[in-house]
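Just so we're clear, the structure is a prediction, and the values are computed from it rather than from any experiment. Every chain is numbered from 1 and lettered A, B, ... according to where its sequence line falls, protein lines coming before strand lines.
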Protein chains: 2
Amino acid sequence: MKRTSLAGDSCPVARALDVFGDWWSLLIIRDASLGRRRFGEFQASLGLAKNILTTRLRTLVERGILKTVPASDGSAYQEYVLTPKGHGIFPILVALRQWTEEFDDHPDEIATIMVDRDKGKPVKKLALLSQDGRVLGAADTTLKPRPAVKRARRVSA
Amino acid sequence: MKRTSLAGDSCPVARALDVFGDWWSLLIIRDASLGRRRFGEFQASLGLAKNILTTRLRTLVERGILKTVPASDGSAYQEYVLTPKGHGIFPILVALRQWTEEFDDHPDEIATIMVDRDKGKPVKKLALLSQDGRVLGAADTTLKPRPAVKRARRVSA
DNA sequence: GCAACGAAGTTTAATAATGCAACCAACTGG
DNA sequence: CCAGTTGGTTGCATTATTAAACTTCGTTGC
C-alpha cells in the first residue's frame, strides 16, 4: 500500500497528520489525556488488535508524543504517559469534540461534555483571535510565506 | 480487515475521526478551504491516485462536508466546495497547524504562517476559555455525562 | 521453590484498504 | 469531427489491519 509519507511536506497541517494522523494514534492520545496509562487499558478501551497497539505505542514514543515510565503501582511493567509535545495535542482534541457537538447528525449519542474543573460549567468554543482581539473566521485569514528565520549572530567566537 | 467503524462510538472525538479521520480527507478539506475546487486541482496538489480521490470526494459529499456545484467557469464540469459543516472544520485545521508550529522538530520546513487578512499579522493561538473567561489547560477540564436532552413538551395535540 | 495466572508482546494467516497504472467517456477547442 | 483535457473507472500488486495462537516474562498462591 505504501502510504505516501507527508513528513517532508511544507504544510504544517500535513506535517501534523504525518505524526499522529492515522486511524488509531489520536484515539490513543485521547485515552492518554483521559489518564489511561497501561497497555491493557488502551487495548480494552479501544478494542484494537494488540500488535497494532504495540506498533502505535512504539511510534508515538519514537516521535516524542508519549514516553514510557517505569512503573507507578509498583509492578515491574511500564506505563505510557504524554510528553509536553503530546499534551500540546489537547486543543486538537477539543476542536474535534466541538465540531462533533456542533455538526453531528446524532448529537444525542454523544456521551460527555467538557466542563471546567472549577465551576463545572461547559467550556466555551475555541476562538481564533487576531492580535488586536477580533474573532477570526476562515475567511478573515490568509497564509503568508514564513519569514526567514533569524540566524544566530555568530556560532563560535 | 474490516476497519472498525467508530460511527457508533459515544466519544465525540472518535465520531469526528470517523467522518474525516482517514489519511486524505483532512488534506482535501484543507485544500478546499484554500480555495481549490476542481478534481484536477486536488489531484495535482495532493498527488494521490485518482481513484482514491474519487472515493474520498464522494464520501465527503455523502457526509455533508463538501457539495458539488454545477460550474463556475462556464464549463459543464462540476466543482467541490465546502458546506457549512465543512467550514466548521476550520478550527481543527488551525489547531493542527499551531501544534506543528510549536512542536515540530524542523519548523524551518514550514512554508506558511496564518495571518489575519486585515492587518497581515500572525493570528494568536487558539485558547480554550471557561464561561467566566479563564484560559483552561487540559488539567483544568473534566468530562461530565451529557445532560439529558430537553424533550419536546408534547409531540401531538 | 514450583505451578498457575495474567500482562505485554510477537508471530501467523486471512482479509480489506490502498496505491499505481492503464483504460474510458464526456466535454472542449479548433 | 478530431486532438487534448477533465473526471473517473477497472484490475492488479502491495500493504495494513485483524483475530487468534503462541512466547515471555512478572506476579501471585501455596
Atom pair distance, as rounded to whole Å: [atom1] in [X] and [atom2] in [N]:
{"X": "A/Gln43", "N": "D/dA19", "atom1": "CD", "atom2": "P", "result": "10 Å"}
{"X": "B/Asp22", "N": "D/dA16", "atom1": "CG", "atom2": "P", "result": "16 Å"}
{"X": "A/Leu48", "N": "C/dT10", "atom1": "CG", "atom2": "P", "result": "14 Å"}
{"X": "A/Arg56", "N": "C/dT10", "atom1": "CZ", "atom2": "C1'", "result": "16 Å"}
{"X": "A/Phe42", "N": "C/dG9", "atom1": "CZ", "atom2": "C1'", "result": "15 Å"}
{"X": "A/Trp23", "N": "D/dT17", "atom1": "CH2", "atom2": "P", "result": "11 Å"}
{"X": "A/Leu27", "N": "D/dT17", "atom1": "CG", "atom2": "C1'", "result": "15 Å"}
{"X": "A/Ile28", "N": "C/dA8", "atom1": "CD1", "atom2": "C1'", "result": "15 Å"}

Does [X] pair with [Y] as a salt bridge, N-O distance under 4.0 Å?
{"X": "B/Asp140", "Y": "A/Arg117", "value": "no"}
{"X": "A/Glu41", "Y": "A/Arg36", "value": "no"}
{"X": "A/Glu102", "Y": "A/Lys125", "value": "yes"}
{"X": "B/Lys121", "Y": "A/Asp132", "value": "no"}
{"X": "B/Lys85", "Y": "A/Asp105", "value": "yes"}

Next item on the list: Quick one: label B/Ala76 by what it contacts on the DNA or RNA (base, sugar-phosphate, nothing), any heavy atom closer than 4.0 Å.
Entry: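 Sugar-phosphate contact only.
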Next item on the list: Output yes when at least one side-chain N/O atom of B/Trp24 is less than 4.0 Å from OP1 or OP2 of C/dG19, else no.
Entry: yes
Notebook entry, point to check: End-to-end bend of the helix from C/dG1-D/dC30 to C/dG30-D/dC1 (five-pair axes, 10° rounding)?
Noted result: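 For the helix from C/dG1-D/dC30 to C/dG30-D/dC1, the axes at opposite ends meet at about 30°.
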Margin query: Could you measure the distance from the CD atom of B/Glu79 to the CZ atom of B/Phe39? Nearest 0.5 Å is fine.
Written below: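 Separation between the atoms: 14.0 Å.
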Checklist line | Sequence-aligned protein contact record of nucleotides 2-9 of chain D, with B where the base is within under 4.0 Å of a protein heavy atom and S where only the sugar-phosphate is | finding: ---BSBBB
Next item on the list: Would you tell me whether A/Arg97 and A/Thr112 have side-chain atoms, one donor and one acceptor, within less than 3.5 Å of each other?
Entry: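 Looking only at side-chain atoms, A/Thr112 and A/Arg97 do form a donor-acceptor pair, the distance falling under 3.5 Å.
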Checklist line | side chain to side chain donor-acceptor pair (under 3.5 Å) between A/Asp116 and B/Thr141, intermediate numbers included | finding: CA-CA 4 Å; A/Asp116 78 283; B/Thr141 65; over 6 Å; no
Check: Quick one: ring-ring contact (aromatic ring centres under 6.0 Å, His included) pairs with a partner in residues 103-130 of chain A, sequence neighbours left out?
Finding: A/Trp99-A/Phe103
